There are 2 protein chains.
Amino acid sequence: MREFQRGAVRVHILHHAAEHEIHGAWMAKELESHGYKISPGTLYPTLHRLEADGLLISEPRVVYGRVRRVYRATDAGRAALAEDRKALLELAQEVLGHGDDR
Amino acid sequence: MREFQRGAVRVHILHHAAEHEIHGAWMAKELESHGYKISPGTLYPTLHRLEADGLLISEPRVVYGRVRRVYRATDAGRAALAEDRKALLELAQEVLGHGDDR
DNA sequence: GCTGCCGATATCGACATCCGATACTATCCG
DNA sequence: CGGATAGTATCGGATGTCGATATCGGCAGC
């Protein structure tokens, strides 16, 4: 149900990472507040993959003594985000545009 | 890349199945025309799953001598579609709302 | 300092899903 | 009758997802 979520998570991550630094736990909270349940076993590998794909870069940062791995979108990440946005817009127009839902 | 697609395919299927009968090959063409590449190995199991989940019903139909399995959305399917639309709208507002797309 | 705890990140095994290729079925056409 | 065609189903490998659990580094209390 709502496998929708998978793509949405990716877009959300890129979206936020393009605006400011993010870290895993914060992202999990953010996603949850939007109704997306994502387990750590999915979130972290996803971040790693995005980084491996060159869409994010990470660096350990110490915040109040805690070490966090903070992520930021790369140029490629922003490009991918733009593409995803385009696809999302298209999908929205196609599916929502009709206004006929029955 | 663009795993976005998985959810989109589901929504597309429900969307069309809610309006008229569809069958696998037609759906494949329709999706392709929107830029989604989906292989039969994904499409047919997906249709089967949607049916198993009670969102679609199918029945074999003979068209010009060819047997097709035609699908139609059930009530639950329409409900699921409505939910997916809501999620899609939310996602679109969240991600597209900023107006910054580089 | 050592120990136990805490936020945060990483990893593990099991399971589901995706995919391309291929097989299968029934009909049409020459 | 035999090959071509449309459409659907299935197979095996690869990848992704999940929840649970392990790890890590610093801090507080002792």
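Note that these values count all heavy atoms, side chains included, but never hydrogens, waters or copies made by symmetry. Letters A, B, ... mirror the listed sequences (proteins, then strands); counts begin at 1. Quick caveat, the model's predicted, so the values are computed rather than measured.
- Residues A:L88 and B:L88 are in side-chain contact: their nearest non-hydrogen atoms beyond the backbone lie under 4.5 Å apart.
- Counting only distance, with no hydrogens or angles, the side chain of A:Q5 and the backbone of A:Y36 share no donor-acceptor pair below 3.5 Å.
- Between B:R66 and C:dT25, a side-chain N or O to OP1/OP2 separation shorter than 4.0 Å is absent.
- Summary of the strand contacts: A:P45 and A:R68 both lie near DNA chain C, and taking for each the nucleotide with the nearest heavy atom, the more 5' one is attributed to A:R68.
- Note: CD (A:E30) to P (C:dA8) measures 15 Å, nearest angstrom.
- Here D:dG19 is the nucleotide among D:dG19, C:dT9, D:dA6 with the atom lying nearest to any side-chain atom of A:S39.
- Positionally, the nearest nucleotide of DNA chain D for B:P40 lies more toward the 5' end than for the other of B:P40 and A:I38.
- For the pair A:H48 NE2 and C:dC12 C1', the interatomic distance rounds to 14 Å; values are reported in whole Å.
- When the nearest nucleotides of DNA chain D are assigned to A:T42 and B:Y71 by heavy-atom distance, the more 5′-ward of the two goes with B:Y71.
- Protein atom CZ of B:R69 is 13 Å distant from nucleotide atom C1' of C:dT25, rounded to whole Å.
- B:R61 has a carboxylate O that lies under 4.0 Å from a charged side-chain N of B:E59, or vice versa, which qualifies the two as a salt bridge.
- Considering only side-chain N and O atoms, A:Y44 lies under 4.0 angstrom from the phosphate OP1 or OP2 of C:dT9.
- One interatomic measurement links the two molecules: CG of B:L47 to C1' of D:dA9, which rounds to 12 Å at whole-angstrom precision.
- A:E51 places its CD atom 13 Å from the C1' atom of C:dA10, with the value rounded to the nearest Å.
- The interatomic distance linking A:I13 (CD1) with D:dG16 (P) rounds to 14 Å, in whole Å.
- Taking only side-chain nitrogens and oxygens, A:H23 never comes nearer than 4.0 Å to OP1 or OP2 of C:dT9.
- For the residue pair B:H15/B:R85, the side-chain donor-acceptor check at 3.5 Å is satisfied.
- Among the atoms of the strands shown, only primed sugar atoms or phosphate atoms (P, OP1, OP2) are found under 4.0 Å from some heavy atom of A:G24.
- In this structure, the CZ atom of B:R6 is 9 Å from the P atom of D:dT17, given to the nearest Å.
- Note: NZ (A:K29) to C1' (C:dA8) measures 12 Å, nearest angstrom.
- Under the 4.5 Å side-chain criterion, counting only non-hydrogen atoms from C-beta, A:H16 is in contact with A:W26.
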